[in-house]
Amino acid sequence: MLDKEGIAKRIAKEIKDGYYVNLGIGIPTLVANYIPANIDVVLQSENGLLGMGPFPFEGEEDADVINAGKQTITMLPGSAIFDSAMSFGMIRAKKVNLTILGAMEVSENGDIANWKIPGKMVKGMGGAMDLVASAENIIVAMQHVNKAGESKLLPKCTLPLTGVNCVKKIVTELAVLDVLPDGGFKLLERAPGISVDEIKNATAGKLIIEGDIPEMII
Amino acid sequence: MLDKEGIAKRIAKEIKDGYYVNLGIGIPTLVANYIPANIDVVLQSENGLLGMGPFPFEGEEDADVINAGKQTITMLPGSAIFDSAMSFGMIRAKKVNLTILGAMEVSENGDIANWKIPGKMVKGMGGAMDLVASAENIIVAMQHVNKAGESKLLPKCTLPLTGVNCVKKIVTELAVLDVLPDGGFKLLERAPGISVDEIKNATAGKLIIEGDIPEMII
Amino acid sequence: MNKVVSDADEAIRDIEDGMTLMLGGFGLCGLPENCIAALVKKGTKELTCISNNAGVDDFGIGLMLKQRQVKKMISSYVGENAEFERQLLSGELDVELIPQGTLATRCMAAGYGMPAIFTPAGIGTEVAIGKEVRNFNGKDYLMELAFDADFAIVKAWKGDTMGNLVYKATARNFNAVMAMAGKITIAEVEELVEPGELDPDHIHTPGIYIHRIFQGVNYEKRIEQRTVRKNVR
Amino acid sequence: MNKVVSDADEAIRDIEDGMTLMLGGFGLCGLPENCIAALVKKGTKELTCISNNAGVDDFGIGLMLKQRQVKKMISSYVGENAEFERQLLSGELDVELIPQGTLATRCMAAGYGMPAIFTPAGIGTEVAIGKEVRNFNGKDYLMELAFDADFAIVKAWKGDTMGNLVYKATARNFNAVMAMAGKITIAEVEELVEPGELDPDHIHTPGIYIHRIFQGVNYEKRIEQRTVRKNVR
């Protein structure tokens with residue numbers, strides 16, 4: 001079973017040289033730490049920055065340099081600043097190659113729910129609806145089951161949707177799965193020490209298992 | 001009767017302190033020379049400049065600093081450069097207070113034709129259609145009659161239109177006229193030495209004359 | 001071209017109860033701190049505020065919420081604010097949540113004279129309820145209308161007396177789009193300079209969009225999430 | 001992030017007959033001179049060119065027209081070109097004239113992922129024929145579609161190897177909007193620098209929009225209307 005860092009490490013392997021990537025809050029943010037050193041990747045922060053760097057050293061924080069999670073960050077050489085309209089313009093125009101974000105639920109047809117729980121205080125969708133509606137390639141980083149032990153990979157989402165037919169890949173503590181264009185979670189890899197049966201038991205939506213499922217290499 | 005410089009001088013009196021003004025090619029360009037020194041006016045050039053200044057001194061021309069007429073110009077202190085999308089964005093959003101342009105014909109309901117003569121090579125409308133469709137305040141600078149001696153102030157334009165119901169005021173070599181919201185050219189001023197009858201004879205559209213018509217003061 | 005006002009009080013003098021305001025900034029970054037303080041002092045009420053976030057309890061729009069000056073928030077994300085939550089749950093406050101890109105683009109539409117825009121954000125979700133859906137090239141889009149704000153209030157790094165603005169780093173965010181979108185736009189700047197001191201090629205908001213400008217004082221520039229590196233990567 | 005190509009020939013290597021190109025510039029200002037020369041050399045034909053103007057007889061797109069490489073021009077103003085006029089009158093060339101602001105905004109729409117925009121330009125004129133008219137707040141607007149260009153070719157003053165661009169003065173014009181709008185965008189620059197040499201706050205086109213970049217050579221930067229002052233005002 002993977003921990004959060006493990007999920008981030010596995011997702012980092014999906015990033016290719018030359019990619020522009022938008023990382024959501026939570027596990028996706030950790031992915032930045034595991035991007036291979038031999039590829040060039042530019043991180044987009046939707047508040048208006050391309051070229052997000054690591055956190056600043058103590059004492060070097062600048063209130064005017066933050067990411068979409070409102071964290072103080074740095075800018076790498078070759079960074080560019082732009083306003084919020086252009087930021088979402090480039091997202092809508094599919095210039096961002098990969099979006100990685102968390103989810104509460106994903107359905108077998110790629111719908112995602114990650115912004116609202118009825119009865120609880122709703123904080124808002126931020127940029128998530130824009131990102132999932134436009135991104136060509138969306139990877140969801142999340143736990144396979146919720147705190148109540150219920151699967152988050154469902155035939156149909158039960159929570160209010162953030163977007164429809166958009167998730168392409170899911171990485172959880174148990175597995176890597178593709179969401180097929182015609183529907184269904186295709187199991188690609190097992191987490192170290194996790195059996196196919198364990199994944200079956202944790203997946204409520206249609207799970208497609210073909211041939212041997214390799215253990216993932218991180 | 002006014003010459004071109006006279007028309008430009010008279011139009012310059014319509015410009016108020018704090019105005020952002022777009023000047024078309026021809027007589028409107030001359031207006032810049034007669035803006036009173038005691039008011040602050042910013043000239044917009046729709047290729048992407050606010051703060052257009054006079055022509056450069058010989059030897060100081062810069063191929064990268066031109067106006068919408070493709071003439072080499074200068075930039076005044078406080079100038080701002082922007083792209084073509086923002087330029088027409090501010091025009092559509094009515095941030096430009098006054099547009100001054102030439103015309104082949106104006107109708108009594110404020111339609112304007114100034115871009116195309118059937119049978120002749122059509123060069124294009126450039127930014128004229130955007131300007132007339134959006135400007136709150138449009139003054140037309142033109143000759144009262146064409147070279148064939150026919151009135152250019154008509155009941156209805158005969159040439160293909162550039163815009164509809166948009167011209168607010170017309171200054172010709174003979175007169176200053178308002179285009180009334182309900183239609184009709186209201187005669188406001190006569191050019192020096194021009195009689196009301198001469199203006200009547202030169203105006204094919206509905207001319208509205210109320211009381212004494214003063215001679216214009218330039 | 002008399003755009004310079006003496007301070008925030010003068011800048012907001014005619015903002016009245018019930019008006020719609022845009023307020024620039026993202027999180028606590030790039031907030032028009034002086035104008036918010038002046039609005040709190042003036043006590044203007046029943047405001048509709050278009051702002052990506054609602055500040056925190058004791059900073060940003062949170063200060064106006066605390067005084068019950070806000071009738072409605074139009075935002076994309078309103079977490080980190082306990083008083084906000086209390087007013088929302090008690091029904092004192094109305095909130096319209098809209099996707100961040102839709103928020104930004106509806107501001108831009110106002111500044112660019114476009115009455116509506118199309119975006120796929122929110123298709124298939126509750127955001128789409130009651131809105132026109134239109135298909136272009138096989139993909140569905142929502143039609144979203146340009147905002148209509150009485151005032152936009154933005155904060156820039158530098159500005160000149162003609163209203164030209166330059167923002168610093170990610171403090172540009174919504175400031176640059178809202179600056180174009182107010183019927184009247186007020187800009188507060190950290191440094192007010194004379195025309196000619198800003199490079200025309202480096203101006204982010206041309207002065208034509210700005211109606212009032214002043215040099216602000218005592219910027220706190222609070223950091224919402226102070227994150228630092230423990231060691232070199 | 002390998003965006004740098006050696007020269008214009010390499011940059012345009014896969015532009016094929018029948019493609020749609022956007023070409024930046026306004027009049028003769030800010031033209032991608034190197035790429036135009038390479039296209040003339042390559043002899044690519046049946047091109048649809050989206051460009052505000054069509055150059056003059058012996059400069060700019062005029063050079064491509066002379067070689068009969070252009071099937072259709074989409075422009076707002078095409079005067080100052082005798083060969084253009086001859087081809088147009090003889091039926092060899094197709095021309096679609098559209099308002100300048102519509103042209104710019106349809107480029108921006110492509111770069112901002114908006115399938116269509118609304119503009120009042122052309123309402124009541126022949127430009128409106130066959131287009132959807134829609135009323136917002138009592139005013140009519142035309143719905144105009146985003147452009148779909150195989151390549152956009154722009155010219156900037158400076159650029160870095162990651163594709164970030166800075167334009168000089170009014171040479172920004174259509175370059176900055178078309179740079180966002182190509183399926184593939186090629187940028188030629190007067191000076192190519194390393195990442196970090198351009199101030200992130202001063203970049204006009206972020207590198208994400210640029211696919212290929214090179215430092216051009218031998219810029220003529222011809223002036224179309226050389227106008228000078230005779231004496232001090």
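Because the structure is a prediction, the values reported are computed rather than measured. Computed over heavy atoms, backbone and side chain alike; hydrogens, waters and symmetry mates excluded. Here is the naming used below: chain letters follow the sequence lines, and residue numbers restart at 1 for every chain.
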>> If you compare all heavy atoms of C:Gly111 against all heavy atoms of B:Ala93, which two are closest, and at what distance to 0.1 Å?
In response: O-CB, 3.3 Å
> Looking only at heavy atoms, what is the nearest atom pair of C:Met180 and B:Lys95, with distance?
Replying inline: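 For C:Met180 and B:Lys95, the tightest heavy-atom pair comes out as O-CE, 3.9 Å.
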> Heavy atoms, side chains only, cut-off 4.5 Å: are C:Ile208 and B:Val96 in contact?
Replying inline: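 In contact.
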> Between C:Tyr209 and B:Met86, is any pair of side-chain heavy atoms under 4.5 Å apart?
Replying inline: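 When only atoms from C-beta onward are counted, B:Met86 and C:Tyr209 do touch, with a gap below 4.5 Å.
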> Roughly how far, to the nearest 0.5 Å, is the CG atom of B:Asp40 from the CE atom of C:Met162?
Replying inline: 7.0 Å
> Roughly how far, to the nearest 0.5 Å, is OG of B:Ser79 from CG of C:Asp199?
Replying inline: 10.5 Å
> Of the options B:Leu76, B:Ile81, B:Leu49, which is the one that meets C:Pro200 in a side-chain contact (heavy atoms from CB on, under 4.5 Å)?
Replying inline: B:Ile81
> Side chain of C:Asn164, backbone of B:Gly78: donor and acceptor closer than 3.5 Å?
Replying inline: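 Between the backbone of B:Gly78 and the side chain of C:Asn164 there is a qualifying donor-acceptor contact (under 3.5 Å).
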> Does any heavy atom of chain B fall under 4.5 Å from the side chain of C:Ala181, the backbone, both, or neither of them?
Replying inline: neither
>> So for C:His204, is it side chain, backbone, both, or neither that comes closer than 4.5 Å to the heavy atoms of chain B?
In response: backbone
Enclosure of [X] [atom1] (heavy-atom neighbours >12, cutoff 6.0 Å):
X        : atom1 : answer
C:Lys41  : NZ    : no
C:Asp14  : CG    : yes
C:Lys131 : NZ    : yes
C:Asn218 : CG    : no
B:Lys4   : NZ    : no
B:Lys206 : NZ    : no

